[in-house]
Amino acid sequence: MLTYLSLHLNKWKKRPGLALFILLFPLLVTILSYPFFQKAAEETAVPVAIVDEDESSYSTTVVMRVREAERLHVLSMSSHEAVESVQKGEVEAAFIIKKGFQDTLQNGEVEETITWVRSNESTLDVFAKEAIGAELMRISLNAKAGNTLEQSSSVSFEKGFQYADQFWEPEPLFQMDFKKGSSDDVAQEPVPLASWQMVTIALYFLYTWLVAILFLRTLIRDEQAGRLQRIRITQYTTFSYFAGHFLVMIVVGIGTFLPAAIALFFLSSTSLPVSAEWSGWTMAVLVTTLVITWFLFLGLGRKRWTIILFIALAVGSFTLTIADLGWTLAWPHSWIVYKP
């Protein structure tokens with residue numbers, strides 16, 4: 001098997017530039033498309049408006065921290081502009097921090113400090129609500145700690161506030177301990193990718209599949225040139241030959257697809273858990289597709305027309321899946337898009 005791997009390596013050494021270009025083409029495209037990925041990531045974030053009527057240190061802190069939250073695109077507006085943007089559907093929701101916000105929190109109260117404006121069509125503003133609610137709770141508890149320490153000791157309110165705030169970093173000191181339930185009780189929804197990310201992944205998958213299909217021509221050429229027959233005569237078996245070629249096809253496929261997919265998730269600022277989940281799933285689909293392609297190629301007799309058939313199948317899989325024309329379970333690209 002190692003003999004055939006070294007033979008392929010020697011072939012690539014003769015034309016290293018072309019070999020590297022074929023393998024790294026999706027990665028190069030991803031890197032060169034960085035501005036597009038960055039812009040697309042911003043556009044797919046949930047747009048919300050924040051109105052800071054208090055303009056205090058507390059309200060400024062809330063706005064600053066919410067801006068750092070994932071999946072949110074925060075826009076600062078006036079109260080009138082925010083309500084109008086919600087009505088026009090330009091933002092998912094608006095959050096108005098009322099005047100007196102800081103004084104209210106310092107007095108230990110949290111009710112009616114922020115007004116939440118949304119329309120009936122709003123669906124994704126829950127991300128902003130959770131982020132703002134978390135910061136509101138953080139400041140409120142810090143303020144209560146400051147008041148308690150100021151009343152019971154010589155510690156100033158500000159020192160008590162800062163002392164309490166340190167327990168929120170890097171993670172809150174006190175957290176809810178949730179009991180893990182059975183997956184039979186609650187169905188977990190898969191974490192979705194943005195539509196442009198799915199199309200890009202599908203294109204990378206198509207390119208990698210086509211590269212693997214064209215790689216199969218090596219076996220056809222070896223048989224036509226009589227090399228495979230000589231191997232049968234001298235070694236009495238072709239197992240190592242086919243196993244070596246199969247391994248090369250899988251390695252080439254993974255080496256072509258995985259770097260580009262990782263670069264896509266990194267440049268589009270996709271969170272690490274989501275990146276890992278989708279990278280693992282797409283790699284599993286890719287390897288499964290290559291294995292099926294390999295055995296179909298062998299089963300159909302390793303004929304030249306099978307290459308054309310597989311190319312048509314790969315292009316059709318991409319086209320029919322993106323066009324969503326039905327028969328989704330029949331196409332490898334749809335296995336990626338409709339991840340269970």
Side-chain angles (χ1 to χ4, degrees), residues 22-30 33 36-37 40 44 187-220 242 245-265 267-268 270 274-340:
I22 292 174
L23 289 174
L24 300 180
F25 177 72
L27 179 61
L28 293 174
V29 171
T30 303
S33 304
F36 164 76
F37 292 139
T44 53
Q188 296 182 349
E189 291 292 330
V191 180
L193 293 179
S195 58
W196 67 270
Q197 288 177 307
M198 294 302 306
V199 173
T200 305
I201 287 290
L203 282 170
Y204 292 165
F205 186 88
L206 173 62
Y207 177 84
T208 302
W209 195 3
L210 290 175
V211 168
I213 291 171
L214 294 176
F215 168 79
L216 296 175
R217 293 184 303 171
T218 303
L219 282 77
I220 297 176
F242 286 110
H245 280 75
F246 172 73
L247 182 59
V248 170
M249 186 181 73
I250 296 297
V251 170
V252 169
I254 293 175
T256 303
F257 179 83
L258 189 58
I262 293 175
L264 166 67
F265 291 135
L267 295 178
S268 59
T270 305
V274 175
S275 301
E277 178 183 345
W278 278 94
S279 296
W281 172 251
T282 52
M283 285 304 304
V285 174
L286 174 64
V287 172
T288 301
T289 302
L290 295 185
V291 170
I292 293 174
T293 302
W294 173 264
F295 283 103
L296 280 177
F297 176 70
L298 296 183
L300 293 174
R302 306 188 305 277
K303 303 298 183 181
R304 182 172 295 179
W305 62 266
T306 59
I307 302 295
I308 300 175
L309 174 65
F310 289 143
I311 291 175
L313 178 63
V315 174
S317 172
F318 171 79
T319 304
L320 294 173
T321 300
I322 297 302
D324 195 17
L325 297 180
W327 293 86
T328 53
L329 295 180
W331 315 114
H333 279 87
S334 69
W335 303 342
I336 295 177
V337 175
Y338 300 101
K339 183 174 79 70

- Query: Quick one: are Thr256 and Tyr207 in side-chain contact, heavy atoms under 4.5 Å?
  - Reply: yes
- Item | Heavy-atom side-chain proximity of Phe246 to Leu219 below 4.5 angstrom | no
[atom1]/[X] to [atom2]/[Y] distance, rounded to the nearest 0.5 angstrom?
X	Y	atom1	atom2	result
Met283	Ile336	CE	CD1	10.0 Å
Trp335	Leu286	CH2	CG	11.5 Å
Thr282	Glu277	OG1	CD	10.5 Å
Trp331	Ile322	CH2	CD1	14.0 Å
Ser279	Leu264	OG	CG	9.0 Å

Would you list the atom pairs, donor with acceptor, under 3.5 Å between side chains in residues 208-217 and any protein atom, with sequence neighbours excluded?
| unit_1 | atom_1 | unit_2 | atom_2 | d |
| --- | --- | --- | --- | --- |
| Thr208 | OG1 | Tyr204 | O | 2.9 |
| Trp209 | NE1 | Thr293 | OG1 | 3.0 |
| Arg217 | NE | Leu214 | O | 3.2 |

- Query: Phe297: what forms a ring pair (Phe, Tyr, Trp, His ring centres under 6.0 Å) with it, not counting sequence neighbours?
  - Reply: none
- With sequence neighbours left out, the residues meeting side chain to side chain contact (heavy atoms under 4.5 Å, CB included) with Val287 are Ile254, Val291
- Message: Thr289 vs Phe205, test: side chain to side chain contact (heavy atoms under 4.5 Å, CB included). Steps then yes/no.
- Response: CA-CA 10 Å; Thr289 302; Phe205 186 88; 3.4 Å; yes
N/O donor to acceptor pairs below 3.5 angstrom from side-chain atoms of residues 304-313, sequence neighbours left out:
| unit_1 | atom_1 | unit_2 | atom_2 | d |
| --- | --- | --- | --- | --- |
| Arg304 | NH2 | Gln224 | OE1 | 3.3 |
| Thr306 | OG1 | Lys303 | O | 2.4 |

- Query: So, for Gly253 and Leu290, which heavy atoms are closest and what is the spacing to 0.1 Å?
  - Reply: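 The pair with the smallest heavy-atom distance is CA-CD1, 4.2 Å.
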- side chain to side chain donor-acceptor pair (under 3.5 Å) against Ser317, all qualifying residues, sequence neighbours excluded: His333
